Amino acid sequence: MDAPLDAPLLPGRGGPGLPQARRLVTEIPGPCSRALAQRRARSVARGVSSTMPVFAHAAGGGILVDVDGNALIDLGSGIAVTGVGNAADDVVAAVAEQAGRFTHTCFMVTPYAEYVGVCEALARLTPGGHEKRSALFTSGAEAVENAVKIARSATGRDAVVVFEHAYHGRTNLTMAMTAKAMPYKAGFGPFAPEIYRMPLAYPFRWPGGPERCGEQAAAQVIDLIRTEIGAGAVAALVIEPIQGEGGFVVPGTGFLPRLAEFCADAGILFVADEVQTGFARTGAMFACEHEDIVPDLIVTAKGIAGGLPLSAVTGRAEIMDAPQVGGLGGTFGGSPVACAAALAAINLIESADLAARARHIAELTLPRLHALGDRYGAIGDVRGRGAMLAVELVRGPGDHTPDRATAAAVAAACHRRGLIVLSAGTWGNVLRLLPPFVITDDLLLEGLDVLAEACAEVLAPR
Ligand code: PLZ
């Protein structure tokens with residue numbers, strides 16, 4: 001390791017031009033990050049937490065440079081946002097061009113073409129050949145809330161079905177829809193009514209074993225909806241096709257198609273929350289495509305705009321057009337700068353076939369994760385799709401008890417070595433990888449070597 005620098009020479013900009021190599025010049029966190037952490041403690045509410053103790057200076061490709069000049073490998077993409085790379089050239093140019101013409105008019109006051117362009121792209125890219133409409137918002141949670149508003153308006157029904165381990169956001173309605181109490185809900189109630197939580201087809205933890213998990217869980221859910229809510233009372237079933245914060249749980253085979261079929265028969269709208277899985281993350285443009293699901297409404301955010309805040313609800317024209325004129329909106333919803341960024345990001349995802357890149361990332365990564373699983377009994381499950389992959393840590397072989405402390409220790413060992421990895425899961429015992437699609441093979445493999453070193457430091461071999 002090089003000697004600490006008193007005045008680090010920091011890059012003037014990020015983007016793909018940053019050297020794509022890990023480089024540690026101080027301990028993590030370094031002195032500049034520690035000084036900022038002190039200012040932060042005096043000015044930022046403690047409820048807002050961070051995974052890594054370093055402050056960002058510039059980022060691009062698969063590298064994030066901190067304020068001390070350390071270059072870290074980014075296997076988090078800011079929680080599945082910067083798939084096209086951070087500060088991607090085309091996104092930066094589109095943002096600069098748009099901001100130089102106008103930053104805001106409010107679409108509800110004087111509309112602009114960029115908003116329409118994003119809605120056209122969403123209609124073209126989302127599953128299903130039917131006529132579609134979209135409405136744009138700012139955060140994922142806001143879009144989920146609006147999907148529920150639209151579903152209630154279109155069906156005249158109140159109830160909303162959600163699932164164990166689900167994450168849908170931090171606003172009042174979406175807190176009610178999110179499963180996990182700590183830290184998302186504790187002390188923040190009372191919560192919105194008419195939200196009903198159902199069992200999820202979680203193959204690794206399904207009592208009847210993984211093989212028939214999808215089929216058995218779907219049968220349970222359908223029975224519970226019929227007997228405890230009444231199918232005719234349900235406006236929408238909202239589900240992440242692969243759970244994000246819940247631990248990258250890929251529902252057991254057949255679960256999603258069976259639920260979609262039941263919803264269609266019962267007049268319940270099938271709403272896919274693709275906030276985390278959308279825009280090529282799972283190796284398809286949308287995760288629903290892996291199981292040929294055509295949702296009635298699809299909620300997107302995160303990866304849509306290369307790092308700018310933008311979210312959307314897209315769906316069947318007749319459903320989307322149910323709310324009264326003026327019933328949907330928001331001052332910043334579909335900000336022109338975010339829309340310009342989205343048009344650039346979507347163009348990159350399509351023209352560079354970043355979904356194929358995400359599948360290639362899985363091909364490089366999964367064998368390595370399985371090899372770690374073979375070596376260490378604490379790795380109970382390896383799962384995910386595309387560039388959305390995870391390992392679940394448990395007490396030991398045959399003991400599925402979640403092991404949060406060990407997951408945290410492996411994550412901390414990665415962080416000390418300059419690798420950004422995130423945890424997830426209801427019990428906090430899942431390590432998840434969300435690399436940017438544009439990461440080079442070499443950098444990804446180096447990141448996986450660092451993960452292997454961290455496992456060797458923390459875990460006992462079988
Ligand atoms: N739906 C499926 O993954 C956001 C949350 C980070 P917002 N996930 C990251 C945190 O701890 O706040 C998410 C998601 C799914 C909805 C959301 C909410 O999206 O943009 O964070 O509101």
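As the structure is a computational prediction, the values presented were derived from the model and not from experiment. Counting starts at 1 for both ligands and their atoms, in listed order.
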Counting only nitrogen or oxygen atoms and a 3.5 angstrom limit, does [X] reach ligand 1?
| X | answer |
| --- | --- |
| E142 | no |
| E240 | no |
| Y184 | no |
| A141 | yes |

How far is atom 6 (C) of ligand 1 from its nearest protein heavy atom, and which residue and atom is that?
I79 CD1, 3.7 Å
Nearest non-hydrogen protein atom, atom 1 (N) of ligand 1
D273 OD2, 2.7 Å
Suppose I only count heavy atoms of [X] and a 4.0 Å limit; which atoms of ligand 1 are within that range?
| X | result |
| --- | --- |
| S139 | 20 (O), 22 (O) |
| Q276 | 3 (O), 8 (N) |
| R170 | 10 (C), 11 (O), 12 (O) |

Taking atom types as modelled and ignoring hydrogens, do the side chains of E145 and T171 form a donor-acceptor contact shorter than 3.5 angstrom?
yes
Please say whether the positively charged group of K302, taken as NZ for Lys or CZ for Arg, lies over the ring of F279, i.e. under 6.0 angstrom from the six-membered ring centre and within 45 degrees of the axis.
no
Is a donor on one side and an acceptor on the other found under 3.5 Å between the side chain of T138 and the backbone of P309?
no
Mark yes or no for whether D296, through its side chain, and F270, through its backbone, hold a donor-acceptor pair below 3.5 Å.
yes
For F204 and Y202, take the angle between the two ring planes, folded into 0 to 90°, and tell me which bin it lands in: parallel under 30, tilted 30 to 60, perpendicular over 60.
tilted
